[in-house]
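Reading through the structure tokens given below for one structure.
Keep in mind it's a predicted model, so treat the numbers as computed, not measured. Both backbone and side-chain heavy atoms feed into the values below; hydrogens, waters and symmetry mates do not.
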Amino acid sequence: MQKLRALMQPLRTRWWIPACGVVMLVSAFSFFPADDWSARIVQALDDFASRYPQQKVYLHMDKDYYAAGETIWFKAYITLQGLPDTRATNLYVELVDQNGAIVQKRLFAAGNAGAAGNLDLPETQKPGMYQVRAYTAWMLNFDHALLFSRNIEVFDPQKRNNPPPRDSTAVTAFAVQFFPEGGDMIINQNNTIAFKAIDQNGYPIAVAGSVQNSKGAKVATLQTIHDGMGQFDLQPASGNEKYKAVVKAANGQEKTFDLPAVKTTGAGLKVYNRGARVFYQAMIANLADTAYDELLLIGQINDQLVYKAPLKVSDGRISGFVPTQQMPTGIMQLTLFGKGGQPLSERLVFLRQNDLLPLQLEQPAFNSEERAPNSVTLKVPDSLESILSVAITDADLVVKNNDENNIVSNLLLTSDLKGYIHNPAWYLQDTAKARLQALDLLMLTNGWRRFSWEKILNKQYPDTRYPYEQGILLKGTAFTNNGRYQLMNGKVDFIIKQITDSSTSIVSAPTNGMGEFNLPGLAFLDTALVYYKGNDQQQRWKDVTVKFNTHFFENSVPVTDPFPLRLPPAIDYNTLKNYLATAYDGNRVNRSINSRAILLKEVNIRERRVTKEETMDKKYASGMFAGGDGYTFDMTKETSSYMNIFQYLQSRVAGLQITGNLSDPSLSWRGGRPSLYLNEMPIDASMISSIPVTDIAMVKVFRPPFMGGFGGGANGAIAVYTKKGGEGNDNTVKGFELYRKPGYAVVKQFYSPDYNVHKDVHSLADKRLTLYWNPDLPIDTTTHTATIKFFNNDFSKHFRVVVEGIGADGTVGRVEQVY
């Protein structure tokens with residue numbers, strides 16, 4: 001944890017210097033001693049931020065809905081404390097059905113603050129609602145509602161001629177929740193009461209009504225302003241007074257709801273967001289109550305202190321303002337504390353600045369003719385390095401979801417709030433007055449979920465069961481004496497073979513006093529064959545067994561759903577019908593492509609015939625290991641009758657003497673011991689002897705002197721090369737046990753045809769609905785532009801272009817255009 005804390009220190013200076021200047025200025029007028037309760041609050045926040053930095057994941061997906069047989073293409077963006085998390089290596093993605101069962105799960109390799117990936121939906125995929133869930137291991141230590149989750153609908157293309165109606169329930173019930181500003185309704189104060197109305201499916205509805213006191217007198221009127229939300233003012237004169245709201249929905253149904261009880265003690269908080277300044281005022285229930293005479297207001301963004309102001313009620317200091325010009329777009333949490341550090345009231349404020357990543361689409365050249373070339377240029381800031389992804393889809397058949405949550409709204413808004421927010425992208429489209437008013441209502445009706453002040457002040461921190469991962473980890477314990485004792489201060493030897501390319505690496509991991517070993521920082525695709533053997537270096541025990549720790553992702557995943565599945569708005573019947581017909585035809589084309597053999601044209605070779613040894617040398621050897629004076633042995637056709645490679649070489653190299661135990665022989669050639677290399681890396685004889693001959697592709701024996709490797713080769717060298725993909729593989733290694741370790745998922749390459757070049761596959765129909773997908777769009781650093789080029793399919797007339805990305809300073813941006 002201390003290492004992680006040290007890594008985070010450089011990341012926390014993005015914009016905090018000017019903000020901290022504000023904090024210092026305000027704190028200069030503090031009447032609290034430096035070591036009193038106010039300092040404890042500030043220190044608690046700093047400790048939490050440095051020990052538990054917030055990691056976020058967002059997925060840019062190519063579409064909002066899919067048909068069975070299609071591929072879900074996505075680009076993951078990973079941030080840490082609001083900055084691109086360039087150290088992240090592991091991303092977990094799951095596809096979860098409406099019953100909560102995981103139907104697919106993949107581990108993807110992350111790099112440069114992101115990860116490209118895909119999930120293939122088989123043609124047999126059951127139609128219905130699903131969630132795509134994404135997270136890192138570090139994120140599992142915190143509220144699972146912070147994990148990225150997105151609802152998608154999967155359709156059955158077999159129903160293309162008559163799509164079945166979606167299962168739906170008539171809306172017959174609704175509820176209204178009331179949220180006094182700051183958390184409580186305070187007596188003798190003009191309280192702002194926000195409310196949210198939702199139907200039985202959790203979607204917002206419009207309502208109207210009135211607020212009545214216990215005598216039935218009307219004291220306020222309520223009316224929804226946006227997406228079921230609204231507000232009214234109420235000043236209770238008595239603590240015994242009870243209020244109720246009589247509310248009517250659009251369908252005529254009427255209900256009565258009780259308002260929260262009036263508080264006769266304590267303090268509340270009223271806030272006015274004016275953009276450049278955020279004004280605040282403490283509301284005291286009883287001015288004569290000295291228990292609330294000394295107060296403290298704390299403002300924080302992304303767990304960083306941005307404002308601190310002491311308040312003194314008896315002196316009339318109960319209000320002020322937070323200057324926000326230098327603060328970034330995002331949520332600021334204002335908390336009012338009483339003396340001693342107890343939080344009394346809380347208010348969220350969304351700061352809307354002109355600091356999003358500016359992206360512009362220019363010079364569009366779109367052609368609706370079949371298979372015609374298209375292009376558009378993306379303009380990016382010339383002063384900021386950016387990571388970008390782009391999706392281009394058929395705008396007529398792939399319609400936009402009205403409940404949109406994009407990279408801007410997710411990373412800046414919904415990832416920090418509790419509860420479902422309908423169409424969050426709408427709030428950040430511009431800075432119109434109506435939109436800002438609705439955004440403030442959102443702050444009033446949705447609570448903070450990052451941490452609890454009460455817990456961090458009492459040092460009740462999250463249980464960090466899951467590490468901040470760096471690569472794939474092999475971890476376990478070695479035992480001796482038939483598993484009775486841990487192997488103290490020994491080692492475990494590994495031969496790790498990658499199935500995808502048959503490359504081999506040989507490493508060792510020491511065991512500690514508890515017999516535990518760690519082999520961190522591994523990286524391989526698909527599955528690795530891990531051959532292992534415990535080694536008691538002091539030869540105390542002959543039998544050494546090894547037990548591997550199971551990674552959480554290899555078995556059950558301890559994740560709860562962040563929010564329930566909700567049916568999205570229905571797609572137009574004809575649009576859906578045409579979409580499914582196209583997806584059905586696309587599946588037929590894909591089956592045809594997958595069943596075709598690849599035909600190679602005849603090539604006439606007129607140069608001299610290359611020997612097998614030269615071919616092998618070119619394939620395996622590099623640098624000073626290529627060519628050279630000595631012997632080259634092609635092992636691909638040899639039998640497996642040899643105990644090891646040393647037995648094979650005994651009678652084949654003149655002057656090479658191999659004596660003693662063949663598992664760890666003594667070597668001598670021309671008066672000295674030759675150097676040993678495995679895949680051009682130095683190695684010892686005992687490790688080479690454990691590799692079966694059937695796994696070896698080539699051996700080169702260099703006459704002395706050999707100067708190609710590390711450590712010198714005055715007495716010559718023996719270089720052993722293991723087989724690569726396609727040359728066969730032996731599933732056993734003498735003396736070693738086998739453990740299969742899942743690795744990173746293999747990511748498909750998006751198919752983007754080039755119709756300027758004739759290919760046999762072009763004779764098939766082109767039914768692509770996603771015409772272009774690039775998870776890592778390259779930018780020309782000279783012109784600060786990216787030219788996006790692709791060919792049309794056989795039918796598209798309109799194109800939706802969506803580009804999302806993040807800058808090196810953490811600013812996020814998005815541009816969308818239909819052509």
Side-chain angles (χ1 to χ4, degrees), residues 14 56-64 72-80 82-88 91 93 108-118 134 148 150 328-329 354-366 374-393 395 398 400 404-412 415 425 428-429 747-750 752 770-790 799-819:
R14 172 167 64 135
K56 295 183 180 180
V57 168
Y58 167 77
L59 298 192
H60 175 197
M61 298 166 60
D62 65 317
K63 295 188 299 189
D64 291 322
I72 301 173
W73 300 96
F74 64 82
K75 167 63 179 290
Y77 291 88
I78 308 173
T79 66
L80 191 70
L83 292 171
D85 188 1
T86 57
R87 298 182 180 93
L91 175 75
V93 179
F108 292 94
N112 194 29
N118 64 270
F148 174 85
R150 177 175 173 181
T329 294
N354 186 27
D355 61 354
L356 298 183
L357 185 66
L359 303 174
Q360 292 180 303
L361 293 172
E362 302 174 342
Q363 303 174 356
F366 287 89
N374 301 281
S375 66
V376 63
T377 299
L378 176 70
K379 179 69 174 178
V380 301
D382 58 4
S383 59
L384 189 63
E385 185 178 350
S386 305
I387 308 167
L388 303 167
S389 54
V390 57
I392 302 179
T393 54
V398 183
K400 189 174 181 178
E404 181 186 345
N405 192 6
N406 57 44
I407 189 171
V408 177
S409 58
N410 180 273
L411 293 180
L412 299 182
S415 57
L428 299 177
Q429 290 180 5
V747 180
K748 292 196 311 184
Q749 182 177 0
F750 180 81
S752 185
T770 298
L771 295 102
Y772 182 84
W773 168 255
N774 193 334
D776 295 293
L777 186 65
I779 303 297
D780 188 317
T781 56
T782 302
T783 63
H784 307 289
T785 61
T787 301
I788 303 167
K789 296 182 178 181
F790 68 98
F799 311 89
R800 174 174 286 106
V801 181
V802 176
V803 182
E804 295 189 333
I806 187 170
D809 65 346
T811 55
V812 293
R814 183 181 192 272
V815 61
E816 176 180 347
Q817 187 64 51
V818 174
Y819 296 97

- prompt: Got a sec, which pairs hit ring-ring contact (aromatic ring centres under 6.0 Å, His included) with one end in residues 800-819, sequence neighbours left out?
  reply: Phe366-Tyr819

- line: What one should report as the nearest heavy-atom pair of Ala116 and Lys75 is N-CD, 4.3 Å

- prompt: From Leu59 CG over to Asn405 CG, what is the distance, rounded to the nearest 0.5 angstrom?
  reply: 11.5 Å

- line: CD (Gln363) and OG1 (Thr377) are apart, to the nearest 0.5 Å, by 4.5 Å

- prompt: Is Lys379 reaching over with its side chain to a backbone N or O of Gln360, donor-acceptor style, under 3.5 angstrom?
  reply: no

field: Check: Asp62 side chain, Ala391 main-chain N or O, donor-acceptor pair, under 3.5 Å
entry: no

message: Looking at every non-hydrogen atom in both residues, tell me the closest pair between Leu771 and Ser752 and how far apart they are.
response: O-OG, 4.3 Å

- line: Between Ala395 and Val818, the two heavy atoms sitting closest are CB-CG1, 3.8 Å

query: What distance do Asp382 atom CG and Thr785 atom OG1 have between them, rounded to the nearest 0.5 Å?
result: 11.5 Å

message: If you define the side chain from C-beta out and look only at heavy atoms, does anything of Val390 sit under 4.5 Å from Leu378?
response: no

field: Minimum side-chain heavy-atom gap Ile72-Met61 below 4.5 Å
entry: yes

field: Among Val803, Leu359, Leu356, Ile407, the one residue meeting side-chain contact (heavy atoms from CB on, under 4.5 Å) with Arg814
entry: Ile407

query: Between the side chain of Asn410 and the main-chain N/O of Tyr58, is any donor-acceptor distance below 3.5 Å?
result: no

query: Which pair of non-hydrogen atoms, one from Val802 and one from Glu816, has the smallest distance, and what is that distance?
result: CG2-CG, 3.8 Å

From CD1 (Ile387) to CG (Asn112), nearest 0.5 Å: 4.0 Å

query: Can you check whether Ile788 reaches Asn774 side chain to side chain, under 4.5 Å on heavy atoms?
result: no

field: Taking every non-hydrogen atom, the tightest pair across Gly807 and Leu357
entry: N-CD2, 4.0 Å

- request: Using side chain to side chain contact (heavy atoms under 4.5 Å, CB included) as the criterion, list what pairs up with Thr393, not counting sequence neighbours.
  value: Lys63, Val398, Thr770, Arg800

message: Could you walk me through whether Glu804 and Tyr77 satisfy the side-chain hydrogen bond (donor to acceptor under 3.5 Å, both in side chains) test, starting with their C-alpha distance in whole Å, then the side-chain angles of each, then the deciding distance to 0.1 Å, before giving a yes or no?
response: CA-CA 10 Å; Glu804 295 189 333; Tyr77 291 88; over 6 Å; no

query: When you look at CD of Glu385, are more than 12 heavy atoms from neighbouring residues, nucleotides or ligands closer to it than 6.0 Å?
result: no

statement: Smallest heavy-atom separation, Ala110 atom then Ile78 atom, equals CB-CD1, 3.9 Å

query: Do Phe108 and Phe74 have ring centres separated by under 6.0 Å?
result: yes

task: Assess whether atom CD of Glu362 is packed by more than 12 heavy atoms of other residues, nucleotides or ligands within 6.0 Å.
output: yes

query: Just wondering, are more than 12 heavy atoms of other shown residues or ligands nearer than 6.0 Å to NZ in Lys789?
result: no

Heavy-atom neighbours of Gln429 CD exceed 12 at 6.0 Å: yes

- prompt: How would you list, by chain and number, every residue that makes a side chain to side chain contact (heavy atoms under 4.5 Å, CB included) with Asp355, sequence neighbours excluded?
  reply: Pro328, Thr329, Gln353

